[in-house]
Each structure stands twice: as structure tokens, then as C-alpha cells.
Amino acid sequence: MSSAMYERMRGNPKFGELVAKRGRFAWTLAIIVLAMFYGFVMVVAFNPLSLGQPVAEGSRLTVGVAVELFMFIFFWVLTAVYVRRANTEFDALTQQIVQEAWKENK
Amino acid sequence: MMRQWISLLGLLALSGVAMAADAVGATEKQATNWHAIIMFCLFVAMTMGITYWAASRTKSTADFYTAGGGITGFQNGLAIAGDYMSAATLLGLTAMVFGQGYDGYIYMMAFFAGWPVILFLMAERLRNLGKFTFSDITAYRLDQGKVRTMAAISSLTVVCFYLIAQMVGAGQLIKLLFGLDYNIAIFAVGILMMVYVTFGGMVATTWVQIIKACMLLSGGTLVMILAMSQFDFSFSKLMDNAMSVHKLGDKLMYPGGLLKDPVTAISLGLGLMFGTAGLPHILMRFFTVTDAKEARKSVLYASGFVAYFFNVIFLMGLSAIIIVGQNPEFFEGGDIGKKLIGGGNMVAMHLAKAVGGDMLLGFLAAVAFATILAVVSGLALAGASAISHDLYARVIMKGQASEASEIRVSKFATIVLGAIAIVLGILFETQNVAFMVGLAFGVAAAANFPVLILSMYWKGLTTRGALFGGYSGLISAVLFVVLSKSVWVDVLHNAAPIFPYTQPALFAMPIAFLMAWIFSKSDSSVRASAEIEAFEDQYVRAQTGYGAAAASNH
């Protein structure tokens, strides 16, 4: 497509800001999810017995079920947090970058 | 109708039910048959109506492959959830919880955890760079011919394995539930799928998927609520009962047999998580929405539905331990120690019957059939687009194909794929195809995903690296599965497996990444440096969406 447009956008300091902010945010969330998930897989692999314990004395809810239920909800909340910020803050910034590149074009 | 009754009765007789003693049971089964068939016919009638409407809106290639990019985030979220929750999810995972308890829940987590990662790292780049197939992204700055050929081959491999699993599942299920002949079921699925896809393209496929997702979510929820009402909606009461009767006893909630060793557990986690991010029919869904904003929303809705439904299935499986597992009516010969009637995968169906009678069983059976049909259609469309958009339009015609001829090829490809699916479905009737879905995920994780993610994130990826990475991932994933227990021993009847693990991802993925890295790094050709140079523009487009394929107007 128009390489000149891309060139101008890349030159815009806001582009650097967008990439840095969104990249940091996305990777932070991704690392949280990956760390929790593979941490959980490691526990399944190396210490399975701990997951079968009840969360409290006499409770039928086990640690494993509680942890997983929490992960299902927490991961989904993280996606909601990301979508919210990306669809407002980051998209607004993106629009500015594209518009400014257009203006320079004229 | 009479013939179906007779074949169903024959089936019951074969499964060891004493005919005379079970005369009432047999009558009930016939009624079930009816409900299921009527509800399924309603579903087919409705989706045919939609296909007719969709056909009038499917004119351009964009309409055919991506519904003109006009699907909303919410609709697409439902459709993705529909694509992702196949009959294997409903039947297989319920059965897994029923039999193995907590292991089934771990599986579901592994199926789910890929979604947030796809959103954070891939969704917007996919939408911003892609047009019709994911090869649009991998081939963005690389050699069109070679990279697309590679991507198309691995896509078709994934599609074929997945199709076989779905077709055989459909045949078995319908044989059992509707009392229809296995081959009739296979033909019904194959032909309906061809009709949806060839006439209605992505518009029809998406709507079939949406309707089916709504049916699946509501049907599953209803069964779960009715089942839980028997335990006063108390999880403790449910667990008390389940542990006291299950053969695993207190061990029911411990990770157990399915994930015997660390390697299998980790490999499964990797395969399911990154396999999701490499399934062609799922990736294609990202191109059906207007822009990156809607693509993100799709993942939000899809993952919400998937997470919710997995928890519903967990409760269904647990309550089935008591409601189905303690009811002799559902066992061969009326003996609780024996096999479940219709095999392990019938747990969800038996549960529906136990809590909601024939009506609910009929509904859930129709849902299961609709599910298979919808997933098969999505797969066929993904396979057809790999053939027509990648192989025909870009590789053979080098981008010079007219829209009309490209659509013609894709429709023809759909029919060929449908025919192949029918033939394979019949050939594999008596085979254990459980490994096929695992194989599809393994190939997706090891062949599609590494090249896709590298092409978006790593500047240094060159054509040579992508080809070596993709092909080595494909070959090693297939080899590992063939040499593992699930094929080498269970299908080919050898004494011992050559490859000791059942999950290929932990081994095949690093091979793919490593090969891609080595052969990119050592690529000093002029073209390689041009490809690396081209990353800059691709990067700006990936980040901003400027120049991305826009939604077509209707």
C-alpha cells in the first residue's frame, strides 16, 4: 500500500507511544495468563495431590476446583479489561496517528 | 419410519437389552427418535431458509470467505464459540468428567486458556493484516507461492483430520440416536454441509454456527439446571454423592490417569492452547468482522461463552455420575457394572433423558447433530478457501484470477471436500478416531502457529525460515502422533509405541520454531533482506490497521 503513509505514521511520536503502551499492557496480561496457566499445569504435573485437598476442613470444594474456577473467571475479566482499554484509549490514539499522517499528506 | 423403529429395536436387541422385559423402554426410545428427528428437521429447515437468504448476499469473494466483513463482534463471538464447541466438547468432555472427574476440568482449562492469549497477542494483528485466510498474514511479505502452498497444505491436513473425527462421530451418534443407518447419517451431514457452504458461503456458515451455539448453550444450561435441582443446587451435596458412588471415590477430584506424567500434562497444555491459535477455521473468523475493535469484542464474547459452557459441562458430568451412573436403565443388560448403552460418549444424552425425558433428549440429540453439521461446515469453508484463495488464486493464477472464477473454484473445492469427508467417514467407521482431534490440534500448534506468530512478531523471518519451520512442524507433529500409542498401538496394532508420549506439541513446536530461526538467520539472500525490510510497513499496518481490508458494503 502507500509506503509513504506508513513512513509518516512511523515517524509520529504517538506511534511509538501506542506501540509501547499497548505492547506493555498486552504482554503483561499475556504473561499473567501464561504464568498462571503453566504454573497450574506444573502443579498438575508435579504435585497433583495438593489439588485434591479441600479448601477448608470438611469442605467438599477442593483446591483444584477453586483454583480453576478462579482462573476461568479471572482470565475472562482480563480479556474484558484489555478490550475496554484497547477499544477506547488505544483506538483513539490510533485514529489520531492515521489522521495526522493524512493531514501531512495534503 | 417403520424401518427406523425396526433398526432401533434391532440396535437395542444387539446391545443386550432383553426385548420383552424392556418393551416400555423400547417404546420410549421410539418416541425419542421422533422428537430428535423433528427438532433436527426444524433446525435444518431454518438453516436452509437462512442459506437461501445468504445466497442472495453472497456475490463477491469477500462475501463468500468472510461474509463481507460485516459480522458484528457479538455475532462473531457466538460463531467462534460455536466453532470451538464441537460435539466432542459436549459429549466427550461430559464423558471425561463422568469417568475421570477432575481430569476433565483440567482439559477444559487447557482448551480455554488459549483465548485470552490469542486476544492479547494476536487478535488485532490478525484482523489488521489478514483478508480471507491466515496465509494472507504469513505470506504478507514473504514469497507468495511457496509460503501459501505450505500454509494451505498444513491447513488442509488440520481440516481433514478434524473432518474425519467429526464425520465418524456424526455417523455413530445418529445411528444411535435417530436409529438411522451410519451411511445415511454420513451422507446427510456431507450433503447438508455442501449446500450451506456452496450456496451461502460464510454468511450462511456463520448463521448456522450462531443458531447452533444458542441451542447448545440453552440446551446445556437447561440440562445442568434440572440435574442440579436434584442436589438442591448444592455443590457439596453433589460432591458428597458423587464421591460416595464413583469408583475413584475420594480420588475423583485429584488429577489422575489422563495426565500420568509431567511431559504429557505440559505437552497437552501447549497443544491445546496454541493449537487453538492455529486452527484455520477459527482464524478465518477474525476476518469476518469490520475492524480490530470488533475482532477484540468477538474474543471477549467467545471466551465468555466458552468459559461458561465448560463449567456447565463440568456440573453436567459430575451430576451424571449419580443420575446416570446409578441408574441401571442406562447400562447394557441393566447392570451398573457394565458398559453404558451406546458407549461412553452417551453420558450427556442419558443425562438429558434422565432429567428431562424424551423431549429434552430429542432436543439435545438435535443439538449434537446440528453442532457436528455446523463445525463441519466451518471446516469445509476453511479448507475450500485454502484451496481456492491460496492455491488457486495466488499460487496457480498468481493473483490474476477473476473473482467469479475464484468463487467457482471454492464452490467446487467445497463439493470435493464434502465428497472426501463422506468417503473418509465411511472408511473410518470402525476405527477409533479419538486421536484425530488431538492430531488436528497438534498440527495446528506445530505447523500453523509458529510460522504465523513469527511472521507477525519477528522481523527476521524469511521465506526459507518459514518453509522449514512450517514443514518441519507439520511432519514432526504427524510423525509423533503416528509413532505414539494412539496410532502405532491402537490403530496399527503394534506391540509398543516408538514415541512414548501421546501429545506431540511439546516436541514438535520447538522443532518448528528452531528450524524457522536457524533457516531465517542463515538466509543471506537478497530476497531475504528485502523481506526483512518489508517488516517495517507490515508492522505499522499491524499496529494501526491502516490499509487493512475494509468491510464491503451491501
Side-chain angles (χ1 to χ4, degrees), chain A residues 1-3 5-7 9-10 15 18-19 22-23 25-34 36-38 40-46 48-49 51-54 58-65 67-69 71-73 75-76 78-80 82-84 86-87 90-91 94-95 97-98 101, chain B residues 73 102-103 105-106 108-110 112-117 119-121 123-124 234-240 243 250-256 259 261-266 268-270 273 291-293 296-297 299-300 303-304 307-308 310-311 314 536-541 543-547:
Chain A
M1 200 141 310
S2 82
S3 212
M5 274 291 281
Y6 289 134
E7 192 66 55
M9 283 189 241
R10 200 163 39 238
F15 180 73
L18 170 74
V19 170
R22 186 166 61 195
F25 190 52
W27 277 104
T28 310
L29 295 180
I31 286 167
I32 293 174
V33 171
L34 289 170
M36 282 180 67
F37 175 66
Y38 284 102
F40 172 72
V41 171
M42 291 297 169
V43 177
V44 169
F46 292 105
L49 292 184
L51 292 173
Q53 306 299 325
S59 170
R60 277 305 188 185
L61 185 64
T62 58
V63 174
V65 173
V67 166
E68 259 203 56
L69 185 61
M71 283 199 291
F72 270 116
I73 297 166
F75 289 175
W76 189 76
L78 289 186
T79 63
Y82 179 81
V83 170
R84 202 188 158 85
N87 281 3
F90 298 147
D91 272 2
T94 308
Q95 258 174 1
I97 295 166
V98 175
Chain B
Y102 187 60
D103 274 1
Y105 205 35
I106 298 176
M108 293 188 231
M109 187 77 237
F112 171 72
W115 283 108
V117 179
L119 170 69
F120 303 147
L121 302 182
E124 64 204 6
S234 154
F235 187 72
S236 315
K237 193 167 172 192
L238 170 67
M239 290 315 304
D240 271 338
M243 284 181 183
D250 286 349
K251 291 279 172 278
L252 186 63
M253 284 294 113
Y254 286 86
L259 304 160
D261 58 290
V263 174
T264 305
I266 296 165
L268 176 83
L270 280 172
M273 179 178 245
D291 50 22
K293 193 183 279 240
R296 291 183 204 110
K297 278 194 213 160
V299 182
L300 177 68
S303 59
Y308 166 75
F310 280 170
N311 283 284
F314 184 49
E536 293 300 332
D537 281 358
Q538 180 199 326
Y539 185 66
V540 180
R541 172 164 160 182
Q543 292 286 355
T544 61
Y546 181 77

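Worth knowing before you read on, the calculation uses all heavy atoms, side chains too, and leaves out hydrogens, waters and symmetry mates. In what follows, chains are A, B, ... by sequence order, proteins preceding strands, each numbered from 1. Quick caveat, the model's predicted, so the values are computed rather than measured.
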Between A/Thr94, A/Val43, A/Leu78, A/Thr79, who has the most heavy-atom pairs with chain B when the cutoff is under 4.5 Å?
A/Thr79
Which atoms of B/Leu252 come close to chain A, meaning under 4.5 Å heavy atom to heavy atom: side chain ones, backbone ones, both, or neither?
neither
Side chain, backbone, both or neither: which part of A/Leu18 has a heavy atom under 4.5 Å from chain B?
side chain
Smallest heavy-atom separation, A/Val65 atom then B/Tyr102 atom, equals N-CE1, 3.7 Å
Find the distance between CZ (A/Phe40) and CD1 (B/Ile106) and round it off to the nearest 0.5 Å.
5.0 Å
Using a 4.5 angstrom heavy-atom cutoff, name the option from B/Lys293, B/Met253, B/Lys297 with the most pairs to chain A.
B/Lys293
Tell me, side chain or backbone of B/Ala123 under 4.5 Å from chain A's heavy atoms, or both, or neither?
neither
A/Ile31 versus chain B, heavy atoms under 4.5 Å apart: side chain, backbone, both or neither?
neither
How are the rings of B/Tyr539 and A/Phe15 set relative to one another: parallel (under 30°), tilted (30 to 60°) or perpendicular (over 60°)?
perpendicular
Can you name the nearest heavy-atom pair linking A/Tyr6 to B/Gly547, along with the distance?
OH-CA, 3.9 Å
Is the backbone of B/Gln543 close enough, under 3.5 Å, to the side chain of A/Arg22 for a donor and an acceptor to pair up by distance?
yes
Once the angle between the rings of A/Phe72 and B/Tyr105 is folded into 0 to 90°, is it parallel (under 30°), tilted (30 to 60°) or perpendicular (over 60°)?
tilted
So, taking the atom named OH in B/Tyr546 and the one named CD in A/Gln95, what distance separates them when rounded to the nearest 0.5 Å?
13.5 Å
Of the listed residues (A/Val98, A/Asp91, A/Val33, A/Leu49), which shares the most heavy-atom pairs with chain B below a 4.5 Å separation?
A/Asp91
Greatest number of non-hydrogen atom pairs under 4.5 angstrom with chain B, of A/Arg10, A/Met42, A/Met36, A/Met9, falls to A/Arg10
Would you mind telling me which of B/Asn311, B/Val299, B/Val263, B/Val117 has the largest number of heavy-atom pairs within less than 4.5 Å of chain A?
B/Asn311
Flag side-chain contact, heavy atom, 4.5 Å: A/Phe75 against B/Met109:
yes
Measuring from A/Leu51:CG to B/Tyr254:OH, what's the distance to the nearest 0.5 Å?
9.5 Å
On a heavy-atom basis, the closest approach of B/Phe235 and A/Arg60 is CE2-O, 4.2 Å
If you round to the nearest 0.5 Å, how far is CE of B/Met273 from OH of A/Tyr38?
5.0 Å
In terms of heavy-atom proximity below 4.5 Å to chain A, should B/Asp240 be classed as side chain, backbone, both, or neither?
both
Proximity breakdown for B/Met108 and chain A, heavy-atom pairs closer than 4.5 Å
both
So which part of B/Glu536 gets closer than 4.5 Å to some heavy atom of chain A, the side chain, the backbone, both or neither?
both
Need one label for B/Leu119: side chain, backbone, both or neither, based on atoms under 4.5 Å from any heavy atom in chain A.
both
Per-residue contact mode, B/Tyr308 against chain A (heavy atom under 4.5 angstrom)
neither
Winner by heavy-atom pair count (cut-off under 4.5 Å) against chain B, out of A/Gly64, A/Pro48, A/Gly52
A/Gly52
